[in-house]
Engineer: 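Input: one structure, supplied below.
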Amino acid sequence: MKIATWNVNSIRTRKQHVIDWLSANPVDVLCLQETKVIDKDFPREPFESLGYQVYISGQKAYNGVAIFSKQPMTDVSAGFTPVLGQELAEEFDEQKRVIAGVIENVRIINLYVPNGASLDSDKYIYKLRWLKKLREYLAKIILSSSHELCICGDFNIALEDRDIHDPMGKENHIMSSPDERQALESVLELGLKDAFRKFTEEGGHYSWWDYRAGGFARNRGWRIDHLYLTPGLFDRAINCTIDKEPRKQEQPSDHTPVIVEL
DNA sequence: ATGGCGAATGCAATTCGA
């Protein structure tokens with residue numbers, strides 16, 4: 001089974017890119033972030049025509065997540081509240097950042113973690129609180145179900161310096177500050193391992209490059225899109241790669257797909 | 001890195017992203 005994650009930065013703008021990529025790379029599951037569209041306007045048809053079930057949780061202009069799956073998923077849910085309760089709805093589920101479902105005894109949880117803007121921003125506080133809530137959400141799921149987990153998506157965090165093209169002096173930079181790294185480490189302590197690092201130790205491998213200042217051409221990137229697996233799945237992983245091809249196309253997303261093969 | 005680029009909204013200029 002192949003599972004991929006890709007922040008497309010608007011599914012309407014990137015529709016043809018995703019069609020082309022899926023035609024060439026017919027993965028079993030594709031998790032998308034930043035779809036940026038309300039559910040009734042999501043372009044379902046081309047992906048259903050490619051043989052995918054389409055599960056979406058979107059909103060106007062910002063955020064938005066989706067899962068495309070070759071086989072129907074069970075127990076599909078959006079947001080934290082189906083697990084943690086309705087009292088969180090306004091604070092955490094107004095922004096559409098979580099969609100999950102089960103396929104072949106694997107629970108796939110697709111995330112778009114808040115960016116945080118900068119360390120002096122209220123959005124950074126929200127990012128840290130959101131990650132703490134994510135930990136509660138995952139802990140409860142782990143306690144109440146026997147499925148293996150694949151937690152994937154745009155985490156907006158480069159966990160280690162080798163995940164950044166130029167890590168010097170990035171302690172106060174969003175996506176690499178100690179507090180947000182610790183918040184993610186705390187999530188991973190539940191028993192999740194980075195699929196990409198099972199196969200690749202060296203730096204220089206990124207999933208996002210800034211549109212500005214020729215970021216991609218100069219490979220000035222960050223590895224912030226991740227696939228984290230519970231131990232049973234991690235053992236089953238036979239490959240995990242970053243496909244830079246879509247980032248080379250005209251009018252690309254600033255992110256590119258990451259794929260794990262189980 | 002002061003900004004640089006791109007998308008959405010909505011129709012010009014602003015907000016957001018990372």
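In what follows, chains carry the letters A, B, and so on, assigned in the order in which the sequence lines appear, proteins first and then strands, with residues in each chain numbered from 1. Bear in mind the structure is a predicted one, so any value in this text is a computation, not a measurement. Scope of the values below: all heavy atoms of this structure, side chains included, with no hydrogens, waters or symmetry mates.
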Engineer: Going 5' to 3' through nucleotides 11-18 of chain B, assign each nucleotide B (protein heavy atom under 4.0 Å from a base atom), S (under 4.0 Å only from sugar-phosphate atoms) or - (no protein heavy atom that close).
Structural biologist: -----SSB
Engineer: Testing A:Asp122, A:Asp179, A:Ile174 one by one against A:Lys127 for a side-chain contact (heavy atoms from CB on, under 4.5 Å), which residue passes?
Structural biologist: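 So the option named by the test is A:Ile174.
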Engineer: From the options A:Val187, A:Ile142, A:Val98, select the one residue that forms a side-chain contact (heavy atoms from CB on, under 4.5 Å) with A:Tyr137.
Structural biologist: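 Filter result, single survivor: A:Val98.
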Engineer: Rounded to whole angstrom, note down the C1' distance from B:dA1 over to B:dA13.
Structural biologist: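 Those two atoms are separated by 24 Å.
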Engineer: Can A:Lys123 and A:Asn115 be counted as having a side-chain donor-acceptor contact under 3.5 angstrom?
Structural biologist: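 No, no side-chain donor-acceptor contact under 3.5 Å.
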Engineer: Compute both the distance and the angle, then confirm whether A:Lys198 meets the cation-pi test with A:Phe234: under 6.0 Å from the six-membered ring centre, within 45 degrees of the axis.
Structural biologist: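 The answer is yes; both the distance and angle limits are met.
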Engineer: Using whole Å, what does the distance between atom P of nucleotide B:dA7 and atom NZ of A:Lys15 come to?
Structural biologist: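 Distance check: A:Lys15 NZ to B:dA7 P gives 15 Å.
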Engineer: When you compare B:dA18 with B:dT14, how far apart are their P atoms, in angstrom units rounded to a whole number?
Structural biologist: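 B:dA18 and B:dT14 have their P atoms separated by 22 Å.
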Engineer: Does A:Lys70 count as lying over the ring of A:Tyr52, i.e. NZ or CZ under 6.0 Å from the six-ring centre, within 45 degrees of the axis?
Structural biologist: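 Geometry flag: set, cation within 6.0 Å and 45°.
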Engineer: Report the distance from atom NZ of A:Lys60 to atom P of B:dA7, rounded to the nearest whole Å.
Structural biologist: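 Value for this atom pair: 19 Å.
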Engineer: Closest nucleotide of DNA chain B for A:Pro252 versus for A:Ala213: which of these residues is on the 5' side?
Structural biologist: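 Of the two residues, A:Ala213 wins.
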Engineer: In whole Å, measure the gap between the P atoms of B:dG6 and B:dG10 for me.
Structural biologist: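 One P to the other, the span is 23 Å.
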Engineer: Over how many whole Å does the gap from A:Arg14 atom CZ to B:dC5 atom P extend?
Structural biologist: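 Roughly 16 Å, once rounded to whole Å.
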Engineer: Measure the distance from NE2 on A:His165 to P on B:dA1 and round it to the nearest whole Å.
Structural biologist: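 Between P of B:dA1 and NE2 of A:His165: 10 Å.
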Engineer: Would you say a side-chain N or O of A:Thr13 is under 4.0 Å from OP1 or OP2 of B:dG6?
Structural biologist: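 For B:dG6, OP1/OP2 do not have a side-chain N/O of A:Thr13 under 4.0 Å.
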Engineer: How close or far is atom P of B:dC5 from atom CZ of A:Arg247, stated in whole angstroms?
Structural biologist: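 Interatomic distance, CZ of A:Arg247 to P of B:dC5: 13 Å.
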Engineer: Are A:Ser10 and B:dG6 close enough that a side-chain N or O sits under 4.0 Å from OP1 or OP2?
Structural biologist: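 Checking A:Ser10 against B:dG6: no side-chain N or O falls below 4.0 Å of OP1 or OP2.
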Engineer: Please determine which of A:Val27, A:Leu30, A:Leu50 meets the side-chain contact (heavy atoms from CB on, under 4.5 Å) test together with A:Phe68.
Structural biologist: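 Answer after filtering A:Val27, A:Leu30, A:Leu50: A:Leu30.
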Engineer: Using the P atom on both, measure B:dA7 against B:dT2 and round to a whole Å.
Structural biologist: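 One P to the other, the span is 24 Å.
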Engineer: Taking the ring centre of each residue, are A:Phe196 and A:His226 less than 6.0 Å apart?
Structural biologist: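 Not under 6.0 Å, so no.
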